[in-house]
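Notes follow once the structure below has been shown.
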Amino acid sequence: MKTVYFDNNATTRVAPEVLDAMLPYFGEELYGNPSSMHAFGGGVARHLDRAREEVARFINAEPDEIIFTSCATESDNAAIRGTAEYYGSGLRVITTAVEHPAVLQPCRRLKALGHEMLELPVDGTGQLDLDQLDAELAKTSKGSPTLVSIMYANNETGVIFPMERISEICAAHGAILHTDAVQIAGKAPVDVKKVPVNMLSMSGHKFHAPKGIGLLYVRRGTYLKPFLLGGHQESSRRAGTENVPYIIGLAKACELARLGMAREATALTAMRDKLEAGILATCPNVRVNGDRAHRLPNTLNVSFEYIEGEAIAYRLSDLGICISTGSACASGSLDPSHVIRAMGVPFTAVHGSVRFSLSRYNTMDEVDYVLRELPPVIRNLRELSPFGPDKDVTTF
Ligand code: PLP
(Lines give C-alpha, C1' and ligand atoms only; values in the text may rest on other atoms or scores of the structure.)
Protein backbone atom coordinates (compact mmCIF):
# COMPACT_ATOMS: atom_id res chain seq x y z
CA MET A 1 0.00 0.00 0.00
CA LYS A 2 1.35 3.43 -0.86
CA THR A 3 1.74 6.08 1.81
CA VAL A 4 0.15 9.47 1.29
CA TYR A 5 1.87 11.67 3.84
CA PHE A 6 -0.30 14.68 4.67
CA ASP A 7 1.17 15.31 8.13
CA ASN A 8 4.00 17.68 7.28
CA ASN A 9 3.32 20.09 10.16
CA ALA A 10 4.29 17.19 12.46
CA THR A 11 7.51 16.48 10.61
CA THR A 12 8.85 16.39 7.07
CA ARG A 13 10.88 14.02 4.96
CA VAL A 14 14.58 14.89 4.85
CA ALA A 15 15.34 16.32 1.39
CA PRO A 16 17.79 14.13 -0.58
CA GLU A 17 19.96 17.21 -1.17
CA VAL A 18 20.10 17.74 2.61
CA LEU A 19 21.14 14.15 3.25
CA ASP A 20 23.85 14.38 0.55
CA ALA A 21 25.20 17.58 2.10
CA MET A 22 25.38 15.95 5.54
CA LEU A 23 27.02 12.62 4.66
CA PRO A 24 30.64 13.84 4.34
CA TYR A 25 30.48 15.02 7.97
CA PHE A 26 30.00 11.42 9.12
CA GLY A 27 32.98 10.26 7.05
CA GLU A 28 36.68 10.17 7.77
CA GLU A 29 37.60 13.69 6.66
CA LEU A 30 35.13 16.06 8.30
CA TYR A 31 34.48 14.65 11.75
CA GLY A 32 36.74 17.09 13.62
CA ASN A 33 35.58 19.26 16.50
CA PRO A 34 35.17 22.84 15.25
CA SER A 35 36.53 24.14 18.58
CA SER A 36 39.86 22.27 18.21
CA MET A 37 43.15 24.14 17.73
CA HIS A 38 44.40 21.91 14.90
CA ALA A 39 43.74 22.38 11.20
CA PHE A 40 41.61 19.22 11.03
CA GLY A 41 39.03 20.78 13.37
CA GLY A 42 39.57 24.25 11.92
CA GLY A 43 38.53 22.96 8.49
CA VAL A 44 35.21 21.90 9.94
CA ALA A 45 34.85 25.27 11.72
CA ARG A 46 35.00 27.02 8.34
CA HIS A 47 32.11 24.86 7.06
CA LEU A 48 30.22 25.70 10.24
CA ASP A 49 30.77 29.42 9.58
CA ARG A 50 29.43 29.08 6.05
CA ALA A 51 26.39 27.16 7.32
CA ARG A 52 25.71 29.93 9.85
CA GLU A 53 25.87 32.50 7.05
CA GLU A 54 23.36 30.52 4.96
CA VAL A 55 20.97 30.13 7.90
CA ALA A 56 21.27 33.85 8.73
CA ARG A 57 20.58 34.72 5.08
CA PHE A 58 17.36 32.66 5.18
CA ILE A 59 15.83 35.09 7.71
CA ASN A 60 17.91 38.16 6.74
CA ALA A 61 19.82 38.12 10.04
CA GLU A 62 23.52 38.55 10.81
CA PRO A 63 25.50 35.31 11.33
CA ASP A 64 26.41 36.22 14.93
CA GLU A 65 22.67 36.48 15.72
CA ILE A 66 22.14 32.74 15.06
CA ILE A 67 22.45 30.19 17.89
CA PHE A 68 22.17 26.53 16.90
CA THR A 69 20.07 24.42 19.27
CA SER A 70 18.80 20.83 19.39
CA CYS A 71 15.18 21.64 18.47
CA ALA A 72 12.57 24.40 18.63
CA THR A 73 11.46 23.28 22.09
CA GLU A 74 14.97 24.12 23.29
CA SER A 75 14.94 27.43 21.36
CA ASP A 76 11.58 28.45 22.88
CA ASN A 77 12.68 27.48 26.40
CA ALA A 78 16.03 29.23 25.97
CA ALA A 79 14.33 32.44 24.81
CA ILE A 80 11.62 32.54 27.47
CA ARG A 81 13.44 31.16 30.50
CA GLY A 82 16.73 32.82 29.54
CA THR A 83 14.99 36.23 29.40
CA ALA A 84 13.30 35.58 32.76
CA GLU A 85 16.62 34.64 34.34
CA TYR A 86 18.22 37.80 33.00
CA TYR A 87 15.50 40.21 34.19
CA GLY A 88 14.46 38.39 37.38
CA SER A 89 11.07 38.28 39.06
CA GLY A 90 9.93 41.68 37.74
CA LEU A 91 9.53 40.34 34.18
CA ARG A 92 5.96 40.29 32.93
CA VAL A 93 5.09 37.70 30.28
CA ILE A 94 2.39 37.92 27.62
CA THR A 95 1.65 35.04 25.28
CA THR A 96 -1.41 33.60 23.51
CA ALA A 97 -3.83 30.80 24.30
CA VAL A 98 -2.97 29.00 21.05
CA GLU A 99 0.80 28.63 21.39
CA HIS A 100 2.54 25.27 21.08
CA PRO A 101 3.26 23.65 24.48
CA ALA A 102 6.96 24.46 23.90
CA VAL A 103 5.97 28.10 24.60
CA LEU A 104 2.92 27.66 26.84
CA GLN A 105 4.62 25.39 29.34
CA PRO A 106 7.68 27.58 30.03
CA CYS A 107 5.37 30.62 30.32
CA ARG A 108 3.18 28.74 32.79
CA ARG A 109 6.28 27.71 34.72
CA LEU A 110 7.21 31.38 35.03
CA LYS A 111 3.70 32.10 36.33
CA ALA A 112 4.11 29.34 38.93
CA LEU A 113 7.38 30.98 39.94
CA GLY A 114 5.58 34.27 40.62
CA HIS A 115 5.85 36.18 37.31
CA GLU A 116 2.77 37.99 36.08
CA MET A 117 1.65 36.03 32.98
CA LEU A 118 -1.20 36.57 30.56
CA GLU A 119 -2.51 34.34 27.76
CA LEU A 120 -4.28 36.47 25.13
CA PRO A 121 -7.48 34.91 23.72
CA VAL A 122 -8.24 34.49 20.00
CA ASP A 123 -11.47 35.01 18.08
CA GLY A 124 -13.46 32.45 16.09
CA THR A 125 -11.01 32.66 13.19
CA GLY A 126 -8.02 32.10 15.46
CA GLN A 127 -6.86 35.73 15.23
CA LEU A 128 -5.73 38.00 18.06
CA ASP A 129 -7.21 41.35 19.10
CA LEU A 130 -4.18 43.60 18.63
CA ASP A 131 -5.90 46.46 20.50
CA GLN A 132 -5.95 44.16 23.51
CA LEU A 133 -2.20 43.51 23.14
CA ASP A 134 -1.64 47.26 22.87
CA ALA A 135 -3.81 47.95 25.95
CA GLU A 136 -2.09 45.24 27.99
CA LEU A 137 1.35 46.56 27.10
CA ALA A 138 0.23 50.08 28.01
CA LYS A 139 -0.48 48.82 31.55
CA THR A 140 3.15 47.85 32.13
CA SER A 141 4.73 50.48 34.32
CA LYS A 142 7.68 52.36 32.81
CA GLY A 143 11.02 50.66 33.22
CA SER A 144 9.63 47.22 34.06
CA PRO A 145 10.36 44.69 31.31
CA THR A 146 7.74 42.67 29.43
CA LEU A 147 8.40 39.60 27.29
CA VAL A 148 5.84 38.93 24.57
CA SER A 149 5.94 35.47 22.98
CA ILE A 150 3.56 35.12 20.01
CA MET A 151 3.83 32.44 17.35
CA TYR A 152 4.25 33.45 13.70
CA ALA A 153 1.87 30.76 12.39
CA ASN A 154 -0.23 28.19 14.19
CA ASN A 155 0.73 24.55 13.83
CA GLU A 156 -2.86 23.24 13.96
CA THR A 157 -4.81 25.73 11.85
CA GLY A 158 -2.00 27.37 9.86
CA VAL A 159 -3.34 30.81 10.88
CA ILE A 160 -0.64 33.45 10.38
CA PHE A 161 -0.47 36.24 12.93
CA PRO A 162 0.29 39.80 11.68
CA MET A 163 3.82 39.75 13.06
CA GLU A 164 4.88 43.04 11.45
CA ARG A 165 2.10 44.91 13.28
CA ILE A 166 2.77 42.93 16.48
CA SER A 167 6.45 43.91 16.34
CA GLU A 168 5.48 47.59 15.90
CA ILE A 169 3.18 47.45 18.93
CA CYS A 170 5.83 45.74 21.05
CA ALA A 171 8.51 48.23 19.94
CA ALA A 172 6.23 51.18 20.77
CA HIS A 173 5.97 49.89 24.35
CA GLY A 174 9.59 48.78 24.66
CA ALA A 175 8.54 45.13 25.07
CA ILE A 176 10.86 42.25 24.16
CA LEU A 177 9.31 40.12 21.40
CA HIS A 178 9.95 36.42 20.84
CA THR A 179 8.21 34.52 18.06
CA ASP A 180 7.93 30.78 17.53
CA ALA A 181 8.39 30.72 13.75
CA VAL A 182 8.53 26.94 13.50
CA GLN A 183 5.58 26.50 11.16
CA ILE A 184 6.18 29.42 8.83
CA ALA A 185 9.73 28.29 8.05
CA GLY A 186 10.00 27.37 4.39
CA LYS A 187 6.35 28.19 3.68
CA ALA A 188 6.45 32.00 3.64
CA PRO A 189 9.32 34.51 3.81
CA VAL A 190 10.69 35.56 7.22
CA ASP A 191 12.77 38.73 7.35
CA VAL A 192 13.93 39.93 10.76
CA LYS A 193 14.89 43.32 9.34
CA LYS A 194 11.37 43.96 8.02
CA VAL A 195 9.75 42.32 11.06
CA PRO A 196 12.13 43.28 13.85
CA VAL A 197 11.48 40.66 16.53
CA ASN A 198 14.07 40.25 19.29
CA MET A 199 14.12 36.45 19.21
CA LEU A 200 12.83 33.80 16.83
CA SER A 201 12.76 29.99 17.00
CA MET A 202 12.84 27.49 14.13
CA SER A 203 13.20 23.72 13.84
CA GLY A 204 14.94 21.88 10.99
CA HIS A 205 12.61 18.89 10.83
CA LYS A 206 9.63 21.05 9.84
CA PHE A 207 11.27 22.01 6.56
CA HIS A 208 13.15 18.99 5.29
CA ALA A 209 16.22 18.95 7.57
CA PRO A 210 16.52 16.14 10.13
CA LYS A 211 15.00 15.99 13.60
CA GLY A 212 17.35 17.21 16.34
CA ILE A 213 18.47 20.58 14.98
CA GLY A 214 16.96 23.98 15.68
CA LEU A 215 17.93 27.61 15.79
CA LEU A 216 17.34 30.60 17.97
CA TYR A 217 17.80 34.02 16.42
CA VAL A 218 18.76 36.65 19.00
CA ARG A 219 18.88 40.25 17.75
CA ARG A 220 22.05 42.13 18.72
CA GLY A 221 21.38 44.02 21.95
CA THR A 222 18.80 41.53 23.27
CA TYR A 223 19.74 40.20 26.69
CA LEU A 224 19.18 36.70 28.01
CA LYS A 225 21.05 34.22 30.19
CA PRO A 226 22.29 31.08 28.42
CA PHE A 227 20.05 28.06 28.80
CA LEU A 228 22.90 25.52 28.69
CA LEU A 229 26.07 26.28 30.62
CA GLY A 230 29.42 24.66 29.90
CA GLY A 231 31.93 25.33 27.12
CA HIS A 232 32.33 28.43 24.96
CA GLN A 233 30.45 27.18 21.91
CA GLU A 234 28.02 29.52 20.18
CA SER A 235 29.86 32.49 21.74
CA SER A 236 29.06 31.11 25.21
CA ARG A 237 25.32 31.41 24.52
CA ARG A 238 24.69 27.65 24.13
CA ALA A 239 27.28 25.25 25.47
CA GLY A 240 27.82 21.84 23.93
CA THR A 241 29.81 20.64 20.91
CA GLU A 242 27.99 21.75 17.78
CA ASN A 243 26.04 19.06 15.92
CA VAL A 244 27.97 19.80 12.73
CA PRO A 245 26.35 17.32 10.28
CA TYR A 246 22.86 18.47 11.29
CA ILE A 247 23.83 22.16 11.14
CA ILE A 248 25.12 21.55 7.59
CA GLY A 249 21.79 19.83 6.82
CA LEU A 250 19.83 22.74 8.29
CA ALA A 251 21.79 25.20 6.16
CA LYS A 252 21.05 23.15 3.01
CA ALA A 253 17.35 23.04 3.94
CA CYS A 254 17.40 26.84 4.36
CA GLU A 255 19.02 27.26 0.95
CA LEU A 256 16.48 24.95 -0.74
CA ALA A 257 13.60 26.77 0.97
CA ARG A 258 14.98 30.19 0.05
CA LEU A 259 15.34 29.25 -3.62
CA GLY A 260 12.11 27.26 -3.98
CA MET A 261 9.64 28.89 -1.61
CA ALA A 262 7.68 31.06 -4.05
CA ARG A 263 7.18 28.21 -6.54
CA GLU A 264 6.36 25.70 -3.82
CA ALA A 265 3.87 28.00 -2.10
CA THR A 266 1.88 28.28 -5.35
CA ALA A 267 1.82 24.49 -5.80
CA LEU A 268 0.92 23.90 -2.14
CA THR A 269 -1.92 26.43 -2.25
CA ALA A 270 -3.36 24.78 -5.37
CA MET A 271 -3.29 21.30 -3.76
CA ARG A 272 -4.61 22.54 -0.40
CA ASP A 273 -7.43 24.51 -2.03
CA LYS A 274 -8.46 21.55 -4.19
CA LEU A 275 -8.53 19.34 -1.09
CA GLU A 276 -10.59 21.90 0.82
CA ALA A 277 -13.08 22.46 -2.00
CA GLY A 278 -13.42 18.71 -2.57
CA ILE A 279 -14.12 17.99 1.09
CA LEU A 280 -16.67 20.81 1.37
CA ALA A 281 -18.40 19.58 -1.80
CA THR A 282 -18.62 15.91 -0.79
CA CYS A 283 -19.03 15.91 2.99
CA PRO A 284 -21.96 17.63 4.74
CA ASN A 285 -21.64 19.21 8.20
CA VAL A 286 -18.01 20.22 7.78
CA ARG A 287 -16.37 23.50 8.78
CA VAL A 288 -12.94 24.89 8.00
CA ASN A 289 -11.15 26.05 11.16
CA GLY A 290 -9.03 29.20 11.07
CA ASP A 291 -8.69 32.43 9.13
CA ARG A 292 -8.74 31.28 5.51
CA ALA A 293 -7.36 34.59 4.24
CA HIS A 294 -4.26 34.49 6.48
CA ARG A 295 -3.15 30.90 6.48
CA LEU A 296 -0.07 28.85 5.63
CA PRO A 297 -0.29 27.60 2.03
CA ASN A 298 0.07 23.96 3.09
CA THR A 299 -2.39 23.67 5.99
CA LEU A 300 -6.07 22.72 6.14
CA ASN A 301 -7.87 22.14 9.44
CA VAL A 302 -11.44 20.89 9.16
CA SER A 303 -14.03 19.72 11.66
CA PHE A 304 -16.34 16.88 10.71
CA GLU A 305 -19.28 17.35 13.03
CA TYR A 306 -20.66 14.52 15.18
CA ILE A 307 -17.67 12.18 14.74
CA GLU A 308 -14.24 11.83 16.34
CA GLY A 309 -11.08 13.07 14.63
CA GLU A 310 -9.20 10.06 16.03
CA ALA A 311 -11.59 7.65 14.32
CA ILE A 312 -11.09 9.47 11.00
CA ALA A 313 -7.29 9.44 11.39
CA TYR A 314 -7.25 5.69 12.20
CA ARG A 315 -9.49 4.81 9.26
CA LEU A 316 -7.38 6.88 6.87
CA SER A 317 -4.22 5.34 8.30
CA ASP A 318 -5.57 1.93 7.24
CA LEU A 319 -5.76 3.36 3.70
CA GLY A 320 -2.16 4.62 3.85
CA ILE A 321 -3.17 8.24 4.45
CA CYS A 322 -1.34 10.07 7.27
CA ILE A 323 -3.07 13.03 8.93
CA SER A 324 -3.27 14.48 12.46
CA THR A 325 -5.95 15.39 14.93
CA GLY A 326 -5.60 18.30 17.31
CA SER A 327 -6.68 16.18 20.22
CA ALA A 328 -4.26 14.51 22.57
CA CYS A 329 -5.16 11.17 24.03
CA ALA A 330 -4.27 11.94 27.64
CA SER A 331 -4.77 9.57 30.56
CA GLY A 332 -7.40 7.56 28.76
CA SER A 333 -9.64 10.54 28.00
CA LEU A 334 -9.77 12.36 24.69
CA ASP A 335 -8.76 15.94 25.29
CA PRO A 336 -9.94 18.30 22.53
CA SER A 337 -7.27 20.58 21.09
CA HIS A 338 -6.60 23.73 23.15
CA VAL A 339 -6.29 25.67 19.89
CA ILE A 340 -9.67 24.63 18.51
CA ARG A 341 -11.30 25.18 21.91
CA ALA A 342 -9.72 28.64 22.23
CA MET A 343 -11.39 29.54 18.92
CA GLY A 344 -14.79 28.72 20.39
CA VAL A 345 -15.54 26.04 17.80
CA PRO A 346 -18.97 24.54 18.63
CA PHE A 347 -18.86 21.45 20.80
CA THR A 348 -20.31 19.21 18.06
CA ALA A 349 -17.29 20.05 15.90
CA VAL A 350 -14.44 20.29 18.43
CA HIS A 351 -13.79 16.55 18.63
CA GLY A 352 -14.01 16.03 14.89
CA SER A 353 -11.17 18.34 13.92
CA VAL A 354 -8.37 16.99 11.74
CA ARG A 355 -5.37 18.58 10.07
CA PHE A 356 -4.06 17.95 6.58
CA SER A 357 -0.59 19.46 6.02
CA LEU A 358 1.25 19.17 2.71
CA SER A 359 4.82 19.53 1.51
CA ARG A 360 6.80 19.91 -1.72
CA TYR A 361 6.79 16.11 -2.05
CA ASN A 362 2.98 15.79 -2.32
CA THR A 363 1.15 15.61 -5.64
CA MET A 364 -2.31 16.34 -7.07
CA ASP A 365 -2.75 12.59 -7.58
CA GLU A 366 -2.44 12.15 -3.83
CA VAL A 367 -5.05 14.86 -3.27
CA ASP A 368 -7.37 13.00 -5.67
CA TYR A 369 -6.75 9.73 -3.79
CA VAL A 370 -7.71 11.35 -0.47
CA LEU A 371 -10.80 12.93 -2.03
CA ARG A 372 -11.87 9.48 -3.28
CA GLU A 373 -11.25 7.64 0.00
CA LEU A 374 -12.35 10.19 2.60
CA PRO A 375 -16.11 10.70 1.90
CA PRO A 376 -17.06 6.98 2.37
CA VAL A 377 -15.08 6.94 5.64
CA ILE A 378 -16.98 9.99 6.89
CA ARG A 379 -20.35 8.55 5.77
CA ASN A 380 -19.65 5.27 7.54
CA LEU A 381 -18.47 6.91 10.79
CA ARG A 382 -21.57 9.12 10.77
CA GLU A 383 -23.79 6.06 10.41
CA LEU A 384 -22.08 4.46 13.41
CA SER A 385 -22.08 7.63 15.54
CA PRO A 386 -24.82 7.97 18.17
CA PHE A 387 -24.71 11.72 17.55
CA GLY A 388 -26.01 13.72 14.63
CA PRO A 389 -28.50 16.38 13.56
CA ASP A 390 -31.20 13.76 12.86
CA LYS A 391 -30.38 11.46 15.78
CA ASP A 392 -31.76 11.49 19.33
CA VAL A 393 -28.50 12.81 20.73
CA THR A 394 -27.26 15.94 19.02
CA THR A 395 -24.28 16.75 21.24
CA PHE A 396 -21.51 14.85 22.95
N1 PLP B 1 6.53 25.14 18.02
C2 PLP B 1 5.65 24.77 17.09
C3 PLP B 1 4.68 25.77 16.55
C4 PLP B 1 5.61 23.44 16.64
O5 PLP B 1 4.71 23.08 15.72
C6 PLP B 1 6.53 22.52 17.18
C7 PLP B 1 6.48 21.09 16.78
O8 PLP B 1 5.43 20.58 16.43
C9 PLP B 1 7.45 22.96 18.14
C10 PLP B 1 7.43 24.28 18.54
C11 PLP B 1 8.46 22.04 18.74
O12 PLP B 1 9.46 21.75 17.79
P13 PLP B 1 10.58 20.63 18.04
O14 PLP B 1 9.98 19.34 17.65
O15 PLP B 1 11.71 21.02 17.15
O16 PLP B 1 10.96 20.70 19.47
Under 3.5 Å donor-acceptor, Thr269 side chain and Ala265 backbone | yes
Considering all heavy atoms, the nearest Leu128-Pro121 contact | CD2-O, 3.5 Å
How would you list, by chain and number, every residue that makes a side chain to side chain donor-acceptor pair (under 3.5 Å) with Glu17, sequence neighbours excluded?
-> none
Measure the CG-OG1 distance between Leu374 and Thr282 for me, rounded to the nearest 0.5 Å.
-> 6.5 Å
Determine, stepwise, if the pair Glu136 / Arg92 fulfils salt bridge (charged side-chain N to carboxylate O under 4.0 Å, His left out).
-> CA-CA 11 Å; Glu136 283 299 337; Arg92 188 172 175 232; 2.9 Å; yes
Residue His115 excluded, over 12 heavy atoms near NE2 under 6.0 Å = yes
Mutual orientation of the aromatic rings belonging to Tyr86 and Tyr223 [parallel < 30°, tilted 30-60°, perpendicular > 60°] | parallel
Quick check: are there more than 12 heavy atoms from other residues, nucleotides or ligands sitting under 6.0 Å from OH of Tyr31?
-> no
Within the 6.0 Å centroid threshold, strictly below: Phe161 and His294 = no
Taking atom types as modelled, is there a side-chain donor on His173 or Asp134 under 3.5 Å from an acceptor on the other?
-> yes
Salt-bridge present (Glu264, Arg360; N to O < 4.0 Å) | yes
d(Phe387 CZ, Arg382 CZ) to nearest 0.5 Å is 13.5 Å
Within a radius of less than 6.0 Å around CE of Met37, do more than 12 heavy atoms belonging to other residues, nucleotides or ligands occur?
-> no
pair Val195-Tyr152: side-chain heavy atoms closer than 4.5 Å | yes
How close do Ala209 and Ala253 get, heavy atom to heavy atom, and via which atoms?
-> CB-CB, 3.8 Å
Is it the case that Glu99 and Thr96 place a side-chain donor and acceptor less than 3.5 Å from each other?
-> yes
Neighbour count above 12 (heavy atom, 6.0 Å) for Tyr361 OH = yes
Going from CG on Leu228 to CD on Gln233, what distance comes out if it is rounded to the nearest 0.5 angstrom?
-> 10.0 Å
If Ile, Leu, Val, Met, Phe, Trp and Tyr residues are connected whenever their side-chain heavy atoms lie under 4.5 Å apart, and connections chain through other members, are Ile94 and Leu224 in the same group?
-> no
For Met271 and Ser359, the nearest pair of non-hydrogen atoms, with its separation, is CE-O, 4.1 Å
Non-hydrogen atoms of Tyr246 and Pro210 that approach each other most closely | CE2-CB, 3.5 Å
Between the CG atom in Leu256 and the CD atom in Glu54, the distance rounded to the nearest 0.5 Å is 9.0 Å
Salt bridge check: are Asp368 and Lys274 linked by an N-O gap of less than 4.0 Å?
-> yes
Between the side chains of Asn289 and Ser353, is a donor N or O closer than 3.5 angstrom to an acceptor N or O?
-> no
Shortest non-hydrogen contact from Glu156 toward Val339 = OE2-CG2, 3.5 Å
Test of ring centre spacing under 6.0 Å for His351 and Tyr306 = no
Are Val55 and Leu215 close enough, and set up right, to give a side-chain contact (heavy atoms from CB on, under 4.5 Å), and what steps lead you there?
-> CA-CA 9 Å; Val55 171; Leu215 71 95; 3.6 Å; yes
SB check Lys2 Glu366 (cutoff 4.0 Å) = no
Partner of Arg52 by salt bridge (charged side-chain N to carboxylate O under 4.0 Å, His left out), out of Glu62, Glu234, Glu65 = Glu234
Which is it for Arg109 and Leu104 under the side-chain contact (heavy atoms from CB on, under 4.5 Å) test, yes or no, and what are the steps along the way?
-> CA-CA 9 Å; Arg109 168 63 66 88; Leu104 273 181; over 6 Å; no
Would Glu119 and Arg108 pass as an ion pair if we require N to O under 4.0 Å?
-> yes
Could you tell me whether Arg258 and Glu255 make a salt bridge, using a distance below 4.0 angstrom between a side-chain N and a carboxylate O?
-> no
Donor-acceptor under 3.5 Å (Thr12 side chain, His205 main chain) = yes
Tell me, with the steps shown, if Ser201 and Asp76 meet side chain to side chain donor-acceptor pair (under 3.5 Å).
-> CA-CA 6 Å; Ser201 309; Asp76 289 342; 2.7 Å; yes
Would you find more than 12 non-hydrogen atoms of other residues, nucleotides or ligands less than 6.0 Å from His232 atom NE2?
-> no
Asp123 side chain to Gln127 side chain, donor-acceptor N/O pair below 3.5 angstrom | no
Looking just at side-chain N and O atoms, do Lys187 and Asn9 make a donor-acceptor pair shorter than 3.5 Å?
-> yes
Do Phe58 and Phe207 make the cut of ring centroids closer than 6.0 angstrom?
-> yes
Find out whether Asn33 and Thr241 are in side-chain contact, i.e. whether some heavy atom of one side chain is under 4.5 Å from a heavy atom of the other.
-> yes
Straight-line distance of Asn298 CG to Leu358 CG, nearest 0.5 Å = 6.0 Å
Output the distance between atom CG (Leu200) and atom OG (Ser75), rounded to the nearest 0.5 Å.
-> 9.0 Å
Looking only at side chains, do Asn198 and Thr222 share a donor and an acceptor under 3.5 Å apart?
-> yes
Does the side chain of Asn301 come under 3.5 Å of the side chain of Thr157 through a donor N or O and an acceptor N or O?
-> no
Go through Arg315 and Asn380 one step at a time and tell me if the side chain to side chain donor-acceptor pair (under 3.5 Å) criterion holds.
-> CA-CA 10 Å; Arg315 289 287 190 93; Asn380 182 250; 2.9 Å; yes
For Tyr314, which residues count as a side-chain contact (heavy atoms from CB on, under 4.5 Å) partner, sequence neighbours excluded?
-> Glu310
Using a strict 4.0 Å threshold on nitrogen-to-oxygen distance, state whether Glu168 and Arg165 make a salt bridge.
-> yes
Would you say the side chain of Thr83 lies within less than 4.5 Å of the side chain of Met199, judging by non-hydrogen atoms?
-> yes
So Thr299 and Phe356, side-chain contact (heavy atoms from CB on, under 4.5 Å) or not? Walk me through it.
-> CA-CA 6 Å; Thr299 307; Phe356 301 84; over 6 Å; no
Can you tell me which residue pairs pass the salt bridge (charged side-chain N to carboxylate O under 4.0 Å, His left out) test with a partner in residues 203-224, sequence neighbours excluded?
-> Asp64-Arg220
What are the two closest heavy atoms between Val159 and Asp291, and how far apart are they?
-> CG2-N, 3.3 Å
Side chain to side chain, Arg355 and Asp7, heavy atoms closer than 4.5 Å | yes
